[in-house]
Amino acid sequence: MSLDAWLDNLNVPQRKAVTAPLGNALILAGAGSGKTRVLVSRIAWLVRHHNISPHAILAVTFTNKAAGEMRERLTEMLESPAQGLWVGTFHGLCHRLLRRHFQEANLPEQFHILDSDDQLRMIKRVISALNLDTEQWPAKQAQAFINNKKDEGLRAAHVHVMSYGPGRTLLQIYSAYEQACQTAGAIDFAEILLRTHEMLRQNEALLAHYQKRFNMILVDEFQDTNTIQYAWIRLLSGGGASVMAVGDDDQSIYGWRGAKVENIERFSRDFKNTQTIRLEQNYRSTATILNAANALIANNKNRMGKELWTAGSEGEKIALYKAFNELEEARFISDEITKALKQGKPADEMAILYRSNAQSRVLEEALLRAGTPYRIHGGVRYFERAEVKDTLAYLRLLSNTGDDTAFERIINLPTRGIGGKTLDEMRSIARANDTSLWEAMTQCIESKHFTARAANALCNFRDLISELKGSVANLNLEEQVKIVINESGLHAHFSKNKDDKGMARIENLQELVSAARQFRFDYDGMDDEEMPVLLSFLGHAALESGDTQASEEESSVNLMTLHAAKGLEFSRVFVVGMEDGLFPSRRSIEEPSRLEEERRLCYVGMTRAKEQLVLTYAEVRRQYGREEYHRPSRFLAEIPGEHLQAVRGSVRSHSHAPATSFNSQHESGFTLGQAVSHVKFGPGIVLDIEGTGAHARIQVNFAQSGTKWLVIAYANLSSVESV
DNA sequence: CCCAAGGTATTTTTT
DNA sequence: ATACCTTGGG
């Protein structure tokens, strides 16, 4: 298809964005408004119409998936891969810059990336090296502190804390951690960005080079950028590049991770002559769903302002289901899904979204019992699995004996009689002599520092590594992986456990061989110039979660957190656990800004649905081993009643409902979720009941008139039979 | 070195 | 309820 034909398929604001004159632009792209399409078309437009070389374009995303999608669709549109175009995640692109310019970045050539697990181990080591009480100074807390600061662009030296209190010690840990990483040649995720930013800021020539190169910068999901990412874009575009920022302030759900929604507002101020374009036409959901979502999000203050609309049909009402408890909630959903499957609806077009992972269990059990295929998104990612990381640690140590992180990981895996005492000793020797652990070990062996038993174990380890080095030399990546798995003893070690978990581990190791083969294949076509294949593979393992490759054959119902659902869409969406204290989360209710983020999360969840949206909540829920009573989510009261319809589950024997003994009826005779009718306000759904006797009040979400509190004694409500 | 017992926390997690 | 981690004894 020609580019002009592509343009004809765009709506007016989309076309305006795609064909915007060079210069800065802010695209406020609502959910389902064709954002990726605009981004890709924009690049094609620049290349074709402005004759801008792909070489001069930089497109930044947050996830590898988004980057891959963009690259793919661009190739499709341009009918050839865009040579020289940089498309990638913030981390991926910065990693590339650091590899290219490791010297300017003050890094060793063989620097390696710490994932959050590696980082935590490193911090633990630092804390004990500082002789701090590990009870009083949890590594997790220090990790959060360090990452927060780094996301803000702050080094330990830049952080100001009070001279007393916990800040001082955390800062001490941060500082020691910085040193430990530098010595080990290791950088964590946040450091990738921070280091790149510093490198560019401190190297005029380098900065000038990239500023000159990248005339066009496009940033996706701009609402998710943190301080350092924003600064990086500003720095890189400082030479006069045009920046197109695409985002949606209403879908900012990662504030707790350092993302700054304010960056969207700041953009127009910091980037000169910014043209703002709103994409408000939605191509995904029914009018009912959009109107409900619009009404909900309107309760947030400080929005950029945006209202989704559709040319499509009104669609079905949003179903609201009140369950006795979480088991019954799960059964209802499972039943609904079974019904839909019988009608021929594809399983993978349905999704169950929940606020917290713990909620997935009962849902899974219900689906399992019904024999419904399902898939849980999230959880431990492939390259984060312990056995995979163990194998990679061997590879790392083989290529660089100075890699202490790898050394620590496998020194006693499989167990070979090297205990904590021996290791501690080597650690302090390494620290005293400022050498790697490997060198410290070699020294210890030569100087007969240890008892015969320990020395013997260390010798075995040293010999194993050098033997492996020998057998691996001159082999391709995939064979190297195979050799390491087998000759390191890892295979034997994991084979000992014959249970499901053990079997899964062995499978994962085999999968790693395939991943290496695939990578070797992809590597040949990559323009990641002059990076050795192993190093490149390790970078790939650190920055790619690896969940893109594992796609199951059978069409399955999707289970995931609301966060994980961002960017996806399904015909039928169930949002479960709509209860105050769960969603919105108990920990967010107090603070207005956090509550607003929860509301945005709800907005994201609702706008995932194309045709049908089902909201459910339970009156009582087993949580942390206790039965907890929750009110229906306040978000339910924010959805105009006209879009809601209370539903009942399919008729079933009462013996199946464990909560029959539970009297859910209020003394007034009304129950939550019940459909009622008012003389003046019309039909509605009971959301809450408070008080007793003559003063008892009832909250009803009326179809036409919205949510109201009424005194039961005067309201004269009548009960209505609903679907 | 391995295992069992007890203590603790328990929202979300693009990289 | 539960999973995860630390710690103490065999």
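Numbered from 1 within each chain, the chains take letters A, B, ... in sequence-line order. If you're wondering where the values come from, they're calculated on a predicted model, not measured in any experiment.
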Report task. Using atom CG of A:Leu601 as one end and atom P of B:dT12 as the other, report the distance to the nearest whole Å. Result -> 11 Å
Requested in this report: Quickly work out the A:His540 NE2 to B:dT15 C1' distance and round it to whole Å.
Outcome: 14 Å
Query - Aromatic ring pairing A:Phe583/A:Phe635, orientation class (parallel under 30°, perpendicular over 60°, tilted between) - result: perpendicular
Query raised in the report: Can we say A:Lys150 and A:Glu191 salt-bridge, meaning some charged N sits less than 4.0 Å from an Asp/Glu carboxylate O?
Result: yes
Requested in this report: Please tell me which of A:Ile418 and A:Thr225 maps to the more 5' nucleotide of DNA chain B, matching each residue to the nucleotide holding its nearest heavy atom.
Outcome: A:Ile418
Query raised in the report: Taking CG from A:Asp580 and P from B:dT11, how many angstroms apart are they, rounded to a whole number?
Result: 17 Å
**Report entry** C:dC5 to B:dT12 separation - C1' atoms, rounded to the nearest Å
**Finding:** 23 Å
**Report entry** A:Gln623 CD to B:dA9 P, straight-line distance once rounded to whole Å
**Finding:** 17 Å
Query raised in the report: A:Leu559 has an atom CG; how far is it from atom P of B:dT12, in whole Å?
Result: 14 Å
Report task. Starting from the C-alpha separation in whole Å, work towards a yes-or-no answer on side-chain hydrogen bond (donor to acceptor under 3.5 Å, both in side chains) for A:Gln143 and A:Gln141. Result -> CA-CA 5 Å; A:Gln143 185 181 32; A:Gln141 195 189 317; over 6 Å; no
Query raised in the report: Roughly how many Å is it from CD in A:Gln141 to C1' in B:dA9, rounded to a whole number?
Result: 14 Å
Query raised in the report: Is A:Trp256 stacked on the base of B:dT11, meaning ring centres closer than 5.5 Å and planes within 30 degrees of each other?
Result: no
Query raised in the report: Is there a side-chain polar atom (N or O) of A:Asn357 under 4.0 Å from OP1 or OP2 of B:dT13?
Result: yes
Query raised in the report: Taking for each residue the nucleotide of DNA chain B with the nearest heavy atom, is it A:Ala542 or A:Ser356 whose nucleotide lies nearer the 5' end?
Result: A:Ser356
Query raised in the report: Does A:Glu198 reach the main-chain N or O of A:Arg195 with its side chain, forming a donor-acceptor pair under 3.5 Å?
Result: no
Report task. Using a strict cut-off of less than 4.0 Å between a Lys/Arg side-chain nitrogen and an Asp/Glu carboxylate oxygen, indicate whether A:Asp224 and A:Arg257 qualify as a salt bridge. Result -> no
Query raised in the report: Are A:Asn412 and B:dC1 close enough that a side-chain N or O sits under 4.0 Å from OP1 or OP2?
Result: yes
Report task. Quickly work out the A:Tyr382 OH to B:dT15 P distance and round it to whole Å. Result -> 17 Å
Report task. Assign A:Arg594 to base, sugar-phosphate, or nothing according to its heavy-atom contacts below 4.0 angstrom with the strands shown. Result -> base
Report summary line: The nucleotide from B:dT15, B:dT13, B:dT11 with an atom nearest the side chain of A:Tyr254 is B:dT13
Query raised in the report: Does the pair A:Asp248/A:Lys35 count as a salt bridge with the N-to-O cut at 4.0 Å?
Result: no
Query raised in the report: For A:Ile253 and B:dT13, what is the distance between atoms CD1 and P respectively, to the nearest whole Å?
Result: 9 Å
Report task. Could you tell me whether A:Ser585 contacts a base, only the sugar-phosphate backbone, or nothing, with contacts defined as non-hydrogen atoms closer than 4.0 Å? Result -> base
Report summary line: Of the listed B:dC2, B:dT13, B:dT11, the closest approach to the A:His563 side chain comes from B:dT13
Query raised in the report: Counting only side-chain N and O atoms of A:Thr415, is one of them less than 4.0 Å from OP1 or OP2 of B:dC2?
Result: yes
**Report entry** Terminal contacting nucleotides, 5' and 3', DNA chain C versus chain A (heavy atom, 4.0 Å)
**Finding:** C:dA1 to C:dA3
**Report entry** Geometric cation-pi criterion, A:Arg284 with A:Phe570: 6.0 Å, 45°
**Finding:** no
Query raised in the report: Do the charged groups of A:Glu598 and A:Arg587 touch, with an N to O distance under 4.0 Å?
Result: no
Requested in this report: Using the P atom as the reference point in each nucleotide, state the distance between C:dC4 and B:dT13 in Å, no decimals.
Outcome: 15 Å
Query raised in the report: Does A:Thr561 place a side-chain N or O at less than 4.0 Å from the phosphate oxygens OP1/OP2 of B:dT13?
Result: yes
